[in-house]
Amino acid sequence: MAITPPPTAHIIDGNALGAKLRADVSRRTAALQARGITPGLAVVLVGDNPASQVYVRNKVKACTDGGLHSVLDRYPATMTEAELLARIDALNHDNSIHGILVQLPLPAHIDAHKVIEAISPAKDVDGFHVASAGALMVGQPGFWPCTPYGCMKMIESIGYDLRGKHAVVIGRSNIVGKPMALMLLQKNATVTICHSATADLKAMTLQADVIVAAVGKRNVLTADMVKPGAVVIDVGMNRNDEGKLCGDVDFDGVSRVAGFITPVPGGVGPMTITMLLVNTLEAAERDAAQRGLA
Ligand code: NAP
């Protein structure tokens with residue numbers, strides 16, 4: 001019988017790192033509360049998409065657990081675009097709300113882009129507004145999208161210096177791949193972005209010191225595609241044949257080659273919610289500073 005060697009890669013534990021960062025959020029929240037300000041997040045859900053319902057519940061619970069104020073605004077799928085825009089406008093003017101998150105996807109009759117653009121950039125804690133994307137692009141303060149922001153915190157947590165390293169991002173979505181590449185670039189990595197039309201993905205990933213897989217397909221990254229010692233961050237969320245949650249990376253194979261690897265579950269997922277709390281707290285701190293209360 002073949003004996004499977006133990007994994008060699010160090011596992012970056014998103015639950016543990018998330019808990020550490022959330023403890024810091026709770027501390028800073030308590031400091032704000034001492035000055036009469038409770039950071040507040042409004043989560044807006046339209047329709048009854050089952051996955052979205054789970055996501056928003058988790059986000060609201062994480063906020064409450066961290067001492068933040070959180071409201072869940074649930075509306076039927078029949079809500080009109082005008083009604084939703086009016087609700088966003090009210091939240092923009094609500095002083096108890098520092099962050100607004102509209103859970104995607106929205107029903108087909110609502111233009112998601114128009115709704116995201118209606119959120120005040122000062123409350124755009126998801127970092128999806130064009131103003132937030134632009135701020136990241138030019139290196140100005142703004143809100144970074146939570147998932148790639150969480151990936152950066154994971155890389156930072158192992159004390160890894162990205163300067164001069166080659167980072168390969170697989171995937172170019174507006175919410176993960178593209179902002180991820182910009183954040184890595186900001187830390188002086190040399191960045192390659194791969195996508196569905198990339199001619200030879202393996203040739204790219206084999207050169208990488210850091211690989212971020214954000215595709216949404218199982219086994220996009222296998223052991224033969226990874227340079228020994230590389231840092232591998234797995235953003236993907238898929239189901240395996242047994243229906244269990246898994247990432248884009250062949251974890252068992254790649255963890256025998258990589259130096260560091262994130263698991264799924266327990267990796268990027270918990271970090272995404274953590275960074276939502278961080279962004280909401282940051283929004284409240286900036287608001288307090290602007291109003292001369294900090
Ligand atoms: P997306 O919008 O569907 O983008 C997927 C990207 O992968 C696209 O850029 C696509 O290229 C590229 N791609 C598809 N097949 C490929 C292939 N064979 N080789 C190389 N690139 C390929 O997805 P997303 O929103 O970025 O999410 C990606 C994954 O991350 C999903 O599994 C999602 O569920 C997960 N996710 C997880 C979290 C979390 O908190 N853990 C948060 C967000 C997303 P084209 O642009 O050419 O089509």
Side-chain angles (χ1 to χ4, degrees), residues 11-15 17-18 21-22 43 49-52 54-59 61-62 101-106 112-113 116 125-128 132-133 136 143-155 167-184 191-208 211-222 224-226 232-240 243-251 254 261-279:
I11 292 172
I12 310 175
D13 182 342
N15 282 319
L17 179 59
L21 295 180
R22 285 183 214 195
V43 180
N49 179 312
S52 293
V54 175
Y55 294 147
V56 297
R57 251 203 320 271
N58 290 342
K59 288 168 185 173
K61 182 176 182 313
L101 181 155
V102 177
Q103 185 64 44
L104 302 177
L106 287 167
H113 180 71
I116 299 300
V125 288
D126 244 347
F128 293 169
S132 303
L136 171 60
F143 292 109
W144 284 7
C146 301
T147 299
Y149 191 9
C151 295
M152 291 303 285
K153 286 285 174 194
M154 294 180 108
I155 296 170
V168 169
V169 179
I170 319 175
R172 57 171 164 182
S173 71
N174 289 333
I175 61 168
V176 189
K178 279 185 208 160
M180 185 77 241
L182 288 168
M183 290 173 199
L184 291 162
V191 182
T192 300
I193 306 175
C194 299
H195 44 77
S196 65
T198 296
D200 188 348
L201 182 62
K202 182 176 171 178
M204 297 296 137
T205 57
L206 273 175
Q207 296 173 38
I211 304 171
V212 181
V215 175
K217 287 181 187 158
R218 284 165 59 191
N219 297 331
V220 154
L221 192 76
T222 47
D224 58 315
M225 300 167 76
V226 176
V232 176
I233 308 288
D234 191 353
V235 179
M237 283 201 306
N238 312 294
R239 296 273 163 195
N240 67 16
K244 286 194 181 145
L245 193 62
C246 67
D248 290 347
V249 175
D250 168 22
F251 183 85
V254 171
I261 190 166
T262 65
V264 178
V268 174
M271 288 302 295
T272 296
I273 295 195
T274 299
M275 300 326 289
L276 175 65
L277 302 195
V278 170
N279 277 350

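Worth saying up front: this structure is predicted, and the values here are computed from it rather than measured. Atoms within a ligand are numbered from 1 in the order they appear, just like the ligands themselves.
Two residues are said to be in side-chain contact when any heavy atoms from C-beta on lie closer than 4.5 Å; D234 and V254 fail this criterion. Residues I170 and I211 meet the side-chain proximity criterion, which asks for heavy atoms closer than 4.5 Å.
Of the listed options S196, C194, G216, G216 places a heavy atom closest to atom 29 (C) of ligand 1.
In this structure, the side chain of T274 does not engage the main chain of R22 through any donor-acceptor pair within 3.5 Å. A donor-acceptor pair under 3.5 Å links the side-chain atoms of N279 to the main chain of W144, judged by distance alone. One N or O on the side chain of T205 and one on the backbone of M225 form a donor-acceptor pair closer than 3.5 Å. Judged by distance alone, the side chain of T198 and the main-chain N or O of L201 form no donor-acceptor pair under 3.5 Å.
Among protein heavy atoms, atom 1 (P) of ligand 1 sits closest to S173 CB, 4.1 Å. Scanning the protein heavy atoms around atom 46 (O) of ligand 1, the nearest turns out to be R172 NE, 2.7 Å. Distance from atom 42 (C) of ligand 1 to its nearest protein heavy atom, with residue and atom name: T147 OG1, 3.1 Å. Protein heavy atom at the shortest distance from atom 44 (C) of ligand 1 is V176 CG2, 4.0 Å. In this structure, atom 21 (N) of ligand 1 lies nearest to the protein heavy atom H195 C, 3.2 Å. The closest protein non-hydrogen atom to atom 33 (C) of ligand 1 is M237 N, 4.3 Å.
Nearest heavy atoms, L104 versus A112: CD2-CB, 4.1 Å.
Both the backbone and the side chain of V235 come within 4.0 Å of ligand 1, counting heavy atoms alone. Within the 4.0 Å heavy-atom criterion, the part of K217 lying near ligand 1 is the side chain and not the backbone. The side chain of I170, and not its backbone, has at least one atom closer than 4.0 Å to an atom of ligand 1 (non-hydrogen atoms only; side chain from C-beta on). In V215, the parts holding a heavy atom less than 4.0 Å from any atom of ligand 1 are both the side chain and the backbone.
Ligand 1 lies less than 4.0 angstrom from a heavy atom belonging to I175. Ligand 1 lies within reach of A214, whose nearest heavy atom is under 4.0 Å from it.
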key: Worked check of side chain to side chain contact (heavy atoms under 4.5 Å, CB included) between F251 and I261   = CA-CA 8 Å; F251 183 85; I261 190 166; 3.7 Å; yes
request  = With side chain to side chain contact (heavy atoms under 4.5 Å, CB included) as the test, would you mind laying out the steps for K59 and L277 before giving the verdict?
outcome  = CA-CA 9 Å; K59 288 168 185 173; L277 302 195; over 6 Å; no
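No option in D250, V226, D248 other than V226 meets the side-chain contact (heavy atoms from CB on, under 4.5 Å) test with L221.
Listed by atom number, the atoms of ligand 1 under 4.0 Å from G269 heavy atoms are 40 (O), 41 (N). Atoms of ligand 1 found under 4.0 Å from any heavy atom of T272, numbered from 1 in the order shown, are 39 (C), 40 (O).
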